[in-house]
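One structure below.
Here the structure is a predicted model, which is why all the values come from computation and not from measurement. Labels below follow one simple rule: chain letters A, B, ... track the order of the sequence lines, proteins then strands, and each chain is numbered from 1.
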There are 2 protein chains.
Amino acid sequence: MSFEYTPPKYAQLIAELERRIESGEYPPGSPLPSEHQLMAEFGMARPTVVKALGVLRDHGWIVTHQGKGRFVRGRPAIASTQQVRTGRELLDRKEVQVSSRLLTTGPAEAPNRIASYLGITPKSSVVLRKTLVTRDDEASEVSSTWVPADVAEGTALADSADLKQGVRRYVEAAAGVELDHIIEHVTARNPTPEERDLLDVKASAALLAVYAVACDATGKPWIVVETVLPGDRHELEDAYPIR
Amino acid sequence: MSFEYTPPKYAQLIAELERRIESGEYPPGSPLPSEHQLMAEFGMARPTVVKALGVLRDHGWIVTHQGKGRFVRGRPAIASTQQVRTGRELLDRKEVQVSSRLLTTGPAEAPNRIASYLGITPKSSVVLRKTLVTRDDEASEVSSTWVPADVAEGTALADSADLKQGVRRYVEAAAGVELDHIIEHVTARNPTPEERDLLDVKASAALLAVYAVACDATGKPWIVVETVLPGDRHELEDAYPIR
DNA sequence: TCGGTTAGCTTGACTGACCAAGCTGCCTCT
DNA sequence: AGAGGCAGCTTGGTCAGTCAAGCTAACCGA
């Protein structure tokens, strides 16, 4: 018997058309072959061709005009700017893989801002993990993770050893939830005395403060990660469609 | 004859299932009726039912497990947190509708950072429009718009009258392009002397600087809008899925 | 009791066919 | 020559049916 995997026909058509668009064979603005032409060339039934073309339209590769045809828009520029979102990177970062120094770990009281993001009352019990991340032998950012105490209980989150997996995995496993989306809050502020020493910046320096709130599909928050970055060394980038 | 519009069957099924999920009739985690049950209840063929369910899956309402069924995730939380992206708001903002004061308008040389974003050589000719926006009688932000001189030529962008439409419209009309997506860069810095006076902040204040670069579908940049906000009065928010 | 087989459920992929609706250019009739 | 209509292209939506693949539970034999 054979374990070869052949992708579905419609997926093969998608891949082939994306290739032709990227190679310039179908330049932006030009019409795609009609459904019947594609049926003949690839030996597929119309619903199969239509399904592939629908995916390409949803992904922004082409536009369709009923009665006229389908036209190339080009490779979706937004997909090519490899999206590395700050918040997600923080949640999945493994401490053992980045050069970081563990500063604080264990129970704490939730500050106002964090409690607000977590939907709990201020000064509730939480577990705090604070690390200093260095890049190229230079202090780069201070990262703090807050998780409600009842969630963190029994996990390695309160241990003083570097985490082997991202925070997200621990919480998903402990609470039995699937984290679904992240809400990011970004603001600017001056450093606290502690941050001033750790990051080796002046008291008047402008810092970027990023708060990433990880929520499940119902919108319930589970984790807050705060990252503080010196503005003169860091820049956040984000791309999104206008429509 | 009749001009009544009846939505396609699959769209009706989508709307009905979304309604049932929102009303709690199909709570999160519960299984949806199987394809055959939906076929029977709504009198549709299977491909029609499957098409509707595929859209719901793509939009994040449900998850599907081959062999087990389809399960409710709930109203996509990410869609309900009404996304008001800073960059898009800046591009479509009508100066006549916000309380703003025009500071500078006319030809200028492109600073390094702006030239880099626009993909032109530094000190190239651009048209600059700088405004001070006030909210609740308090200086709120300084917003600067840069457009290459050859694009802005002949438009109202260089005039000293408030724009009646968003910058985006003027550029799309003048250049005959359709702007497709925005790339945002966010950083933190201290104010320039001019910004210090305008925003009435201390020289050591931490400001959020947001650069929104508007590009067409091919990725070519057309407009850069810089907005400078005092960090203690502003916070940017952004939501996105984890996967 | 345990373990493997199987029947019956689910979704995934695909086919060939049909009709409707929108667009374009030709062709005929005036 | 001009106006109208029609033919032939395009995409949009729907149907009844087939086969494959994944999951579950009941069943049956060792």
Side-chain angles (χ1 to χ4, degrees), chain A residues 1-18 20-21 26-73 178 217, chain B residues 1-18 20-21 26-74 243:
Chain A
M1 63 186 139
S2 158
F3 289 96
E4 289 169 27
Y5 169 69
T6 50
K9 281 188 167 186
Y10 77 94
Q12 295 178 30
L13 179 54
I14 291 173
E16 173 61 18
L17 291 178
E18 287 182 354
R20 291 187 185 177
I21 293 174
Y26 295 158
S30 69
L32 239 58
S34 76
E35 295 175 358
H36 275 92
Q37 289 172 322
L38 292 173
M39 287 168 64
E41 179 179 354
F42 292 91
M44 300 174 184
R46 198 167 83 96
T48 308
V49 171
V50 169
K51 177 166 185 174
L53 294 170
V55 173
L56 287 175
R57 185 199 53 222
D58 290 346
H59 288 9
W61 289 80
I62 59 175
V63 291
T64 76
H65 297 293
Q66 188 179 357
K68 295 179 72 177
R70 296 180 157 89
F71 300 87
V72 178
R73 281 185 61 189
E178 191 181 350
Chain B
M1 60 186 144
S2 158
F3 289 97
E4 289 168 28
Y5 169 69
T6 50
K9 282 188 168 187
Y10 78 93
Q12 295 178 29
L13 179 52
I14 291 172
E16 174 60 18
L17 291 179
E18 286 182 354
R20 291 187 185 178
I21 292 174
Y26 296 158
S30 68
L32 240 58
S34 76
E35 296 175 357
H36 275 93
Q37 289 172 322
L38 292 173
M39 287 168 64
E41 179 179 353
F42 292 92
M44 300 173 183
R46 197 162 84 99
T48 308
V49 170
V50 168
K51 178 165 184 174
L53 294 170
V55 173
L56 288 175
R57 185 199 53 220
D58 289 346
H59 287 8
W61 289 81
I62 60 176
V63 291
T64 76
H65 297 294
Q66 189 179 355
K68 295 180 68 178
R70 296 181 156 91
F71 299 86
V72 176
R73 284 184 57 191
R243 262 157 310 291

Kindly indicate whether the side chain of Leu13(A), heavy atoms from C-beta on, has any atom under 4.5 Å from the side chain of Val49(A).
yes
Test of understanding: with side chain to side chain donor-acceptor pair (under 3.5 Å), list the residues that count as partners of Glu41(B), not counting sequence neighbours.
Arg20(B)
What pairs with Ala40(B) under side-chain contact (heavy atoms from CB on, under 4.5 Å), at least two apart in sequence or on another chain?
none
Which residues, if any, of residues 27-63 of chain A bring a heavy atom under 4.0 Å of DNA chain D?
Ser34(A), Glu35(A), Arg46(A)
By side-chain contact (heavy atoms from CB on, under 4.5 Å), which residues pair with Ala15(A), not counting sequence neighbours?
none
Run the side-chain contact (heavy atoms from CB on, under 4.5 Å) test against Val55(B) and tell me which residues pass, sequence neighbours left out.
Ile14(B), His59(B)
Pairs flagged by salt bridge (Lys or Arg N to Asp or Glu O under 4.0 Å) wherever residues 53-67 of chain A is involved - sequence neighbours left out:
none
Terminal contacting nucleotides, 5' and 3', DNA chain D versus chain B (heavy atom, 4.0 Å)
dG13(D) to dT24(D)
Under the side chain to side chain donor-acceptor pair (under 3.5 Å) rule, collect the residues that match up with Tyr10(B), sequence neighbours excluded.
none
In the structure I gave you, are the side-chain heavy atoms of Ile62(A) and Ile21(A) within less than 4.5 Å of one another anywhere?
yes
Contacts of Arg46(B) that satisfy side chain to side chain donor-acceptor pair (under 3.5 Å) - sequence neighbours left out:
Glu35(B)
Which nucleotides of nucleotides 21-27 of chain C have their base under 4.0 Å from a protein heavy atom (B), which only their sugar-phosphate (S), and which neither (-), written as one string 5' to 3'?
BBSS---
Does Gln66(B) have any side-chain contact (heavy atoms from CB on, under 4.5 Å) partners at least two apart in sequence or in another chain, and if so, which?
none
